[in-house]
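For clarity, every value in this text was computed on a predicted model and none was experimentally measured.
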Amino acid sequence: ECHQYTNRSCEECLKNVTCLWCASSGRCMEYPVRRILPPAELCELRSARWGVCWVNFEALIIAMSVVGGTILITLGVCCCCCCKKKSKKQVLSLLSVRLDKDDEREAREREKRRVRQEERRAEMKSRHDEIRRKYGLFKEENPYAKFDN
């Protein structure tokens with residue numbers, strides 16, 4: 001079928017999807033389906049056209065390589081970013097757990113210090129009150145308590 005379009009135009013040849021146009025020789029031939037790329041014996045890559053006349057196989061291979069490489073690099077970068085973000089979240093969650101534990105520990109220590117300070121204050125007050133009683137300097141809490149009767 002494809003041989004009948006030899007020495008005609010590329011557009012006429014490529015109307016049939018199974019055909020391959022060789023621009024250097026002007027031949028229309030069956031696309032070698034068993035091979036991905038047409039062999040050099042049939043047609044050079046820079047002269048071979050398939051699907052559209054304005055793109056040769058050489059340019060198609062380069063373009064597909066660039067697009068494929070770009071997609072692979074993009075996927076790699078996305079995977080790295082996702083993994084890094086996930087590990088960062090794990091680190092942050094571990095840090096927050098540690099910070100929560102540290103906050104709890106600090107709160108307990110603060111409470112212990114406050115209790116000890118209160119005990120010391122009460123002890124100092126009782127000592128001062130004893131000294132005031134001993135020397136007659138003890139002040140009553142309410143100076144008008146005598147007159148309440």
Are Glu130 and Arg133 close enough for a salt bridge, meaning some N to O gap below 4.0 Å? no
Could you state whether Ile62 and Val55 fall into the same hydrophobic cluster, counting links through intermediate Ile, Leu, Val, Met, Phe, Trp or Tyr residues with side-chain heavy atoms under 4.5 angstrom apart? no
Indicate the ring-plane relationship of Tyr31 and Phe57, choosing parallel, tilted or perpendicular according to the 30° and 60° boundaries. parallel
Distance in Å, Ser47 OG paired with Leu20 CG, rounded so as to fall on 0.5 Å steps: 10.5 Å
Closest heavy-atom pair, Cys53 versus Leu14, reported as atoms and distance to 0.1 Å, is SG-CD1, 3.6 Å
Applied to residues 102-112, the side-chain hydrogen bond (donor to acceptor under 3.5 Å, both in side chains) test, sequence neighbours excluded, yields Asp102-Arg105, Glu111-Arg114
Verdict with reasoning, Glu118 to Arg121, per salt bridge (Lys or Arg N to Asp or Glu O under 4.0 Å): CA-CA 5 Å; Glu118 290 294 323; Arg121 279 187 188 150; 3.4 Å; yes
Between Arg8 (side chain only) and Cys28 (backbone N and O only), is there a donor and an acceptor less than 3.5 Å apart? no
May I ask whether Val67 and Leu75 are part of the same hydrophobic cluster, defined by side-chain heavy atoms of I, L, V, M, F, W, Y residues being less than 4.5 angstrom apart, directly or through others? yes
What is the minimum heavy-atom distance between Pro32 and Pro38, and which atoms define it? CG-CA, 3.8 Å
Got a donor-acceptor contact below 3.5 angstrom from the Trp21 side chain to the Thr6 backbone? no
Looking at Glu123 and Arg127, is any side-chain nitrogen of the basic one under 4.0 Å from a carboxylate oxygen of the acidic one? yes
